Amino acid sequence: MNLASCCGLTTKQKALKSATYVKKRYINSLKMTETTKTHVILLSCGSFNPITKGHIHMFEKAREYLHKTGRFIVIGGIISPVHDSYGKPGLVSSRHRLTMCQLAVQSSDWIRVDPWESYQDTWQTTCSVLEHHRDLMKRVTGCILSNVNTPSTTPVIGQPQNGTSPIYQNTANKSVAIKLWGKMSESLGKICCVRPHMDRFTFVDENANLGTAMRYEEIELRILLLCGSDLLESFCIPGLWNESDMEVIVGDFGIVVVPRDGVDTERIMNHSSVLRKHKDNIIVVKDEIDHPMSVVSSTKSRLALQHGDGHVVDYLSQPVIDYILQSQLYINASG
């Protein structure tokens, strides 16, 4: 009599049970790795006049770099176009800028466009936009978002719902981060401009199996401001930024900087007392290769459009170009 018979299991059943056990162990190891990392939402504020390939490249490079550090998982990106009353010369209506942004990210499964800032009665500070999205995340997920420099010791995301711990599920086909962001974006999209009372909800992937449930409250979530080195440099201009706002932006939230045109970010940070004070909260995306997208700008794009320069296809995605031509934007504008 063989061992399988003694245990009351056939050889095939034992093999299946063993394979299931190994798979569970593997999934659990992945789960442990992901829950020890900080989950990040990247928020980029700006004119996006128009949105360029460089803006999208900034998101992609930042996510790639943060993942490489082994400390972060980027679960989503938010593009927040500035209000019309910002007063920048040549700024087209937010209606057009929002549409162009939507066209630019239509194929992305992790970057979304948020109209809240554009839909307010007047211009909003970057600090207030960050705080809005932090509060919105709390309402949508029932989460507690920790500061960059002082991680929360309490459960960061999720509270029991009817006695059941909120969970989300992992699958081999699509990352947990993207699934989580997809569910969050679906709900955020319904309340981006109005914020009614919302019941807390549970993220569940019906296709997941083999006990891959992860307790939502095990995850730490932060919103980080994503910017180019030009915005970082603007922090050093006396009187341009409210110092208390800078303290909140850099000290409480933190920023991810993608350098442009070979700018010395170290020099910039040393030039500002606030930046020096919160240097540990500033993540500079390092890239050994100077990517051509790093020098693409909205200004260059507008000039190319005005001059009929064929290089505009290097700066803007085709759907954005088509929309600009259809709407006759920037063609006769100055700057």
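None of these values were measured; they are calculated from a predicted model.
Within the 6.0 Å centre-distance limit, the rings of Y323 and H96 are counted as a close aromatic pair. The six-membered or imidazole ring of H55 lies near that of F48, with a centre-to-centre distance under 6.0 Å.
Side chain of N281 to main chain of G251: a donor-acceptor pair is present (N/O by atom type, distance under 3.5 Å, no hydrogens or angles). For the pair S272 (side chain) and L275 (backbone), a donor-acceptor distance under 3.5 Å is present. When atom types are taken as modelled, the side chain of H67 and the backbone of V74 share a donor-acceptor pair closer than 3.5 angstrom. The backbone N or O of L325 lies less than 3.5 Å from a partner atom in the side chain of Q328, making a donor-acceptor pair.
Atoms CG and CD1, on L231 and I268 in that order, are 10.0 Å from each other to the nearest 0.5 Å. Taking CD1 from I78 and CE from M137, the interatomic distance works out to 4.5 Å, rounded to the nearest 0.5 Å. For the atom pair CG of L221 and CD1 of I73, the computed distance is 11.5 Å after rounding to the nearest 0.5 Å. Between the CD1 atom of I79 and the CD1 atom of I111 there is a distance of 5.5 Å, given to the nearest 0.5 Å. F253 CZ to I41 CD1: the interatomic distance, rounded to the nearest 0.5 Å, is 11.5 Å.
Side-chain atoms of D309 and H307 form no donor-acceptor pair, as typed in the model, at a separation below 3.5 Å. Looking only at atom types and distance, the side chain of D322 has a donor-acceptor partner in the side chain of Q318 under 3.5 Å away. Using modelled atom types and a 3.5 Å distance limit, the side chains of W116 and S80 yield no donor-acceptor pair. Between the side chains of S298 and S301, not a single donor N or O lies within less than 3.5 Å of an accepting N or O.
Ion pair K53/E60 not flagged as a salt bridge, since none of the NZ, NE, NH1 or NH2 atoms sits closer than 4.0 Å to an Asp/Glu carboxylate oxygen. The pair R95-D84 does not count as a salt bridge, with every side-chain nitrogen at least 4.0 angstrom from each carboxylate oxygen.
Counting heavy-atom neighbours within 6.0 Å of K279 NZ, excluding the residue itself, gives a total above 12. The number of heavy atoms from other shown groups lying within 6.0 Å of CD (E247) is above 12. Surrounding OH of Y65 are more than 12 heavy atoms belonging to other residues, nucleotides or ligands, all under 6.0 Å away.
In plain terms, the two heavy atoms of A62 and L226 that are nearest each other are CB-CD1, 3.6 Å. Contact record, L42 with F59: O-CE2, 3.7 Å, taken as the closest heavy-atom pair. Closest approach of R97 to H83, counting heavy atoms only: NH2-C, 4.0 Å. Across all non-hydrogen atoms, the minimal contact from R302 to N49 is NH1-O, 2.6 Å.
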Go through it in stages, so that I can follow the logic: the residues are V256 and L225, the test is side-chain contact (heavy atoms from CB on, under 4.5 Å), and I'd like the CA-CA distance, side-chain angles, deciding distance and then a yes or no. CA-CA 6 Å; V256 179; L225 178 66; over 6 Å; no
